[in-house]
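These numbers come from a predicted model, not from an experiment.
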Amino acid sequence: MVFKPLRKQNLYESIANQLLTLIREGQFKAGDQLPGERELAESLGVNRTTLREALRVLELMRVVEKRPGEGVFVRDLEKESSVETLVFRFLVEDGLDNETLRSAFEAMIFIEASMARLAAQRATPEEVDELQKLCAKIEDQIASGENFTDLDQKFHQLIGKLGKSPVLCAIDSTMWIIVKKYARLLHRPEERRKSCALGHRRIVEAIAKGDPGRAGREMEEHLQGALKALFF
């Protein structure tokens, strides 16, 4: 079994994809235990912190499972292959060039607009209140930008939770793993953070009023703005 040394800038996406490829090719089979962290990190030419992040992603994708005190084991992908795994593999296989990044954001627009519409139909008043409190936390971070992207991700995923559609939530969570670094770049200018926070408020207002059509449109407009900022 031969691992390909990775360039440092490839980070956890490339590690996760290389491991996923080895599993798909049958070099690691269902039930097999992966090598220990030290051995795996040395084989891949990366540090253990980055390796752990890659393994965490694969665990989230239900490709591997971590057993306390034993190690990391490969799941049976024929029985447990998930939509998240397929999406993740598609996005990281050849890296995110402009066309793939644009495609990923277009998919997110469709998915998150659907989640917003469902949230407007299904969210309870208590859940809407939780969303509004999160908006306030995000607005507190506009000036510094310190935790802005993390809270932005939490906002979008909370809407998915309020929509009560586990499949959409799972796909959206996978998308966020891939595009989060681009979101950080997007949020660097304070004016962009202000615009993002304002978009959040409009989405929440539509959800609070139980207006699925408006909620979906507000989410689409919000994410289209991000897409334009990245490409134009």
(Q) Would you call the rings of His156 and His222 parallel, tilted or perpendicular, taking 30° and 60° as the class edges? (A) parallel

Q: Kindly write out the residues that satisfy side chain to side chain donor-acceptor pair (under 3.5 Å) with Asp129, not counting sequence neighbours, or none if the list is empty.
A: Lys133

(Q) Can you confirm whether Lys180 is buried at NZ, in the sense that more than 12 heavy atoms of other residues, nucleotides or ligands lie under 6.0 Å from that atom? (A) yes

Q: Keeping the roles fixed (side chain from Arg193, backbone from Arg188), state whether a donor-acceptor pair exists under 3.5 Å.
A: yes

Q: Measure the CG-CD1 distance between Leu223 and Ile203 for me, rounded to the nearest 0.5 Å.
A: 6.5 Å

Q) Does Arg217 pair with Glu221 as a salt bridge, N-O distance under 4.0 Å? A) no

Q | Rounded distance [0.5 Å steps], CG in Leu40 versus CG in Leu51 | A | 5.0 Å

Q | Gap between atom CD of Glu190 and atom CZ of Phe148 - 0.5 Å precision | A | 10.0 Å

Q: Hey, could you give me the CZ/CD distance between Arg52 and Glu37, rounded to the nearest 0.5 Å?
A: 4.0 Å

Q: Calculate, to the nearest 0.5 Å, the distance between atoms CG and CD1 belonging to Leu168 and Ile159 respectively.
A: 13.0 Å

Q. With a 4.5 Å limit on heavy-atom distance, are the side chains of Glu139 and Arg201 in contact?
A. yes

Q.
Please determine whether a side-chain nitrogen of the Lys or Arg among Glu205 and Arg202 lies less than 4.0 Å from a carboxylate oxygen of the Asp or Glu.
A. no

Q. Under 3.5 Å, is there a donor-acceptor pair between the side chain of Asp150 and the main chain of Asn147?
A. no

Pair up each side-chain donor or acceptor in residues 115-122 with any protein partner under 3.5 Å, not counting sequence neighbours, and list the distances.
| from | atom 1 | to | atom 2 | distance (Å) |
| --- | --- | --- | --- | --- |
| Arg117 | NH2 | Ser114 | OG | 3.3 |
| Arg122 | NH1 | Gly163 | O | 2.9 |
| Arg122 | NH1 | Lys164 | O | 3.3 |

Q: Please confirm whether the backbone N or O of Cys169 pairs with a side-chain atom of Ser173, one donor and one acceptor, at under 3.5 Å?
A: yes

Q) So do the side chains of Val64 and Leu19 get within less than 4.5 Å of each other, counting heavy atoms only? A) no

Q) Side chains of Lys29 and Val74: does their closest heavy-atom pair fall under 4.5 Å? A) no

Q. About how many Å separate NE2 of His200 and CG of Asp152, when rounded to the nearest 0.5 Å?
A. 4.0 Å

Q. Where do Glu53 and Arg56 land on the salt bridge (Lys or Arg N to Asp or Glu O under 4.0 Å) test, with the steps shown first?
A. CA-CA 5 Å; Glu53 181 65 13; Arg56 186 191 72 80; 3.1 Å; yes

